[in-house]
Amino acid sequence: MIRTTGLSALLLAALASTAAARPSTTEMTCAQAQAVVQRQGGVVLGTGGQTYDRFVRDRSFCEPTEIGKRAFVPARDTPQCFVGFTCYEPGRSDRFGDF
């Protein structure tokens with residue numbers, strides 16, 4: 001029982017440190033956030049508080065059935081910074097331009 005509790009505490013600590021290591025767009029300039037996405041191709045970035053998303057350089061970093069949607073995030077120097085795209089699975093209505 002004590003061994004399981006210790007393991008759980010260790011796992012929680014590891015997860016917390018991983019979350020803390022996620023880069024945040026609100027701490028970068030728009031150019032820096034764009035550069036991270038361009039350099040890595042696909043990256044998870046924090047966007048303020050507990051929110052985050054995966055941003056990609058282009059559709060080649062999405063699953064074959066997904067499409068890219070333009071992504072804007074808050075950055076240190078601008079509230080709406082275009083960083084690249086997010087991937088999403090289109091619905092039937094998306095094929096006809098109905099969003």
Side-chain angles (χ1 to χ4, degrees):
M1 183 75 149
I2 294 174
R3 188 176 205 177
T4 303
T5 304
L7 183 59
S8 296
L10 183 62
L11 181 60
L12 286 173
L15 289 174
S17 68
T18 301
R22 181 182 305 126
S24 176
T25 62
T26 60
E27 297 174 3
M28 300 179 215
T29 64
C30 184
Q32 289 171 327
Q34 291 169 337
V36 169
V37 175
Q38 288 297 311
R39 182 175 55 252
Q40 295 187 21
V43 61
V44 176
L45 295 173
T47 56
Q50 299 296 318
T51 62
Y52 60 91
D53 207 341
R54 180 173 179 265
F55 301 97
V56 297
R57 177 174 52 221
D58 56 55
R59 189 182 171 285
S60 70
F61 291 90
C62 298
E63 293 295 320
T65 58
E66 293 178 325
I67 60 175
K69 181 178 179 183
R70 292 173 53 91
F72 295 86
V73 298
R76 189 174 69 209
D77 60 346
T78 181
Q80 292 289 312
C81 170
F82 172 70
V83 291
F85 302 88
T86 57
C87 300
Y88 77 100
E89 191 74 37
R92 183 166 190 241
S93 64
D94 292 338
R95 294 184 195 136
F96 304 104
D98 300 331
F99 290 90

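No hydrogens, no waters, no symmetry mates; every other heavy atom, side chains included, goes into these values.
- Between R54 and C87, some side-chain heavy-atom pair lies under the 4.5 Å cut-off.
- Looking at every heavy atom in both residues, R76 comes nearest to Q32 through NH2-OE1, 4.2 Å.
- Evaluation of the side chain to side chain donor-acceptor pair (under 3.5 Å) rule for D77 yields no partner, not counting sequence neighbours.
- The side chain to side chain donor-acceptor pair (under 3.5 Å) search around T86 returns none, not counting sequence neighbours.
- Checked against side chain to side chain donor-acceptor pair (under 3.5 Å), T51 has the following partners two or more places apart in sequence or in another chain: T47.
- Cluster partners of V56, by chain and number: F61, F72, F82, F85. The rule joins Ile, Leu, Val, Met, Phe, Trp and Tyr whenever side-chain heavy atoms lie under 4.5 Å apart.
- Here V37 sits in one hydrophobic cluster together with M28, V36, V43, L45, F55, V73, V83; the rule is ILVMFWY side chains under 4.5 Å apart, joined directly or through other members.
- In this structure, the separation between CD1 on I67 and CD on E89 is 9.0 Å, given to the nearest 0.5 Å.
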**Message:** Applying side chain to side chain contact (heavy atoms under 4.5 Å, CB included) to C81 and Q34, what does each step give before you reach the verdict?
**Reply:** CA-CA 8 Å; C81 170; Q34 291 169 337; 4.1 Å; yes
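- Applying the side chain to side chain donor-acceptor pair (under 3.5 Å) rule to Q38 yields no partners; only residues at least two apart in sequence or on another chain are considered.
- Within 6.0 Å of CD on Q80 lie more than 12 heavy atoms contributed by other residues, nucleotides or ligands.
- Put simply, the side chain of T25 never gets that close to the backbone of A75: no donor and acceptor are under 3.5 Å apart.
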